[in-house]
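Below: the structure, in structure tokens.
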Amino acid sequence: MHELGIVTYVADAVDKIAAENQIEKVFTVTLEIGEVSGVVPEYLVDAWKYFCKKHPLLVDSQLVWEPIVAITECLDCKNTYETLPHGKICPFCGSAHTVLAKGKEINIKEIEAC
Amino acid sequence: MPDVRIIEVKQSIYDDNDREAERIRQSLKEKKTFLLNLMSSPGSGKTTMLTKVLGELKSEMKIGVLEADIDSDVDARTIANIDVDVIQLHTGGMCHLDAAMTEQGLNEIGAENYDLVILENVGNLICPAGFDTGAMKNIMILSVPEGHDKPLKYPLIFTVCDALVINKIDVLPYFDFDMEKVVEYAHQRNPKLKIFPISAKTGEGITVLCDWLREQVQQWQD
């Protein structure tokens, strides 16, 4: 259900971009999806297939995605590390004083269209 | 067939919502209306807590409530029964409220007539955390039966909230809920998080929570 909601935001953004660029048909939308964005990319692709059928600009378009690796920064030892294997605790110094530097994002990277 | 083009976009899908949310904040600043976004999982006691908070504050400020649910109006009826203005928003199956839906609710209730508008978001710890509603402060409830590990499992909502209400402390003796651990985990996610242990049922802790909320509203209106 969350993924279907997200799809509607992607479609709205694509609609605006299409209007600004005189686009009539979209073939591919490429997203960048952060590893800790809370979105399951496979579900998002399924939701896209369902949604596109009802959206003339997007009929038969493909949603493709690239991952953004999640990176956490340690505020104590200043090292950065991959979030997924280590979580909140810094593997270098053991501190919990860490912040997520990237990996929450969902971005539209590019659109292939005519 | 015309040539296929690649358009580089590089924009977050949350951009439009974030702009809309910022517009709501500016508009509410002019109206001197404080918007509080209340989030939690289903059954944590949002509506029960609200009835207690509203009972204490409604004589000193004008308060309106926006109840968001996928369906039904049971929560709105509960609030209306204690004589507080309320409207029900239906998200039509969506698992969260976004800024555009919030603005519709604010317009419908007439936000300019209130010092405080409380938005009771859809019961869910995941999706509402991703969408800025335009609120001045975000607050969440975690209830004792849900367990003290929730800050580990749903980190985002703990990072976007300003205050955490720990509800149902009257049943602490019956659950393996570790209050020290929940505070530690929550502050790992968000060192600035204010924590209020309460029991909406017995009323314990409600006054301290109301003091915090009163102060937030006053600061916004000054």
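All chains are named by letter (A, B, ...) in the order of the sequence lines, taking the proteins before the strands, and each is independently numbered beginning at 1.
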List the steps and the verdict of side chain to side chain contact (heavy atoms under 4.5 Å, CB included) for B:I13 and A:I6.
CA-CA 8 Å; B:I13 64 154; A:I6 297 287; 3.5 Å; yes
Contact class of B:H96 relative to chain A, heavy atoms under 4.5 angstrom:
side chain
Interface residue of largest heavy-atom contact number with chain B, from A:N21, A:D12, A:V10, A:V39, under 4.5 Å:
A:N21
Counting neighbours of CD on B:E180 that are heavy atoms of other residues, nucleotides or ligands and sit closer than 6.0 Å, is the number greater than 12?
no
Measure A:T8 against the heavy atoms of chain B and call it side chain, backbone, both or neither at under 4.5 Å.
side chain
Side chain, backbone, both or neither: which part of B:F131 has a heavy atom under 4.5 Å from chain A?
side chain
A:E73 atom CD: more than 12 heavy-atom contacts under 6.0 Å
yes
Could you look at A:I111 and say if it's the side chain, the backbone, both or neither that has a heavy atom under 4.5 Å from chain B?
both
Residue, of A:H97, A:E32, A:K25, that accumulates the most heavy atom pairs under 4.5 Å with chain B:
A:E32
Heavy atoms of other groups near B:K194 NZ, more than 12 under 6.0 Å:
no
Any non-hydrogen side-chain atom of B:I7 less than 4.5 Å from a side-chain atom of A:I23?
yes
Given that the side chain runs from C-beta out, which part of A:K16 has a heavy atom under 4.5 Å from chain B: side chain, backbone, both or neither?
side chain
Counting heavy-atom pairs under 4.5 Å with chain A, the top scorer among B:I126, B:D15, B:D98 is B:D98
Heavy-atom neighbours of B:N107 CG exceed 12 at 6.0 Å
yes
Taken to the nearest 0.5 Å, the spacing of A:H2 NE2 from B:C95 SG works out to 6.0 Å
Working to the nearest 0.5 Å, report the span between CG of B:N17 and OH of A:Y9.
5.5 Å
Kindly compute the distance separating CG (A:N107) from NZ (B:K10), expressed to the nearest 0.5 Å.
6.5 Å
Can you confirm whether more than 12 heavy atoms, excluding those of B:R5, are under 6.0 Å from its CZ atom?
yes
Should the heavy atoms of other residues, nucleotides or ligands under 6.0 Å from CD of B:E204 be counted, would the total exceed 12?
no
Does any N or O in the side chain of A:K88 come within less than 3.5 Å of the main-chain N or O of B:Q188, such that one atom is a donor and the other an acceptor?
yes
Checking A:E112 against chain B: side chain, backbone, both or neither under 4.5 Å from a heavy atom?
both
Is the count of non-hydrogen atoms from other residues, nucleotides or ligands lying under 6.0 Å from B:K181 atom NZ greater than 12?
no
I'd like to know whether CZ of A:F51 has more than 12 heavy-atom contacts from other residues, nucleotides or ligands below 6.0 angstrom.
yes
Grab the two heavy atoms, one from A:E110 and one from B:E8, that are nearest each other, plus how far apart they are.
CB-CA, 4.2 Å
When every non-hydrogen atom of A:I106 is compared with those of B:Y14, the smallest separation belongs to CD1-OH, 3.5 Å
Closest non-hydrogen atom pair between A:C114 and B:V4, with its separation
CB-CA, 4.2 Å
Residues A:I17, B:V9; criterion side chain to side chain contact (heavy atoms under 4.5 Å, CB included); working and verdict:
CA-CA 8 Å; A:I17 296 156; B:V9 182; 3.5 Å; yes
For B:L156, is it the side chain, the backbone, both, or neither that has a heavy atom closer than 4.5 Å to a heavy atom of chain A?
side chain
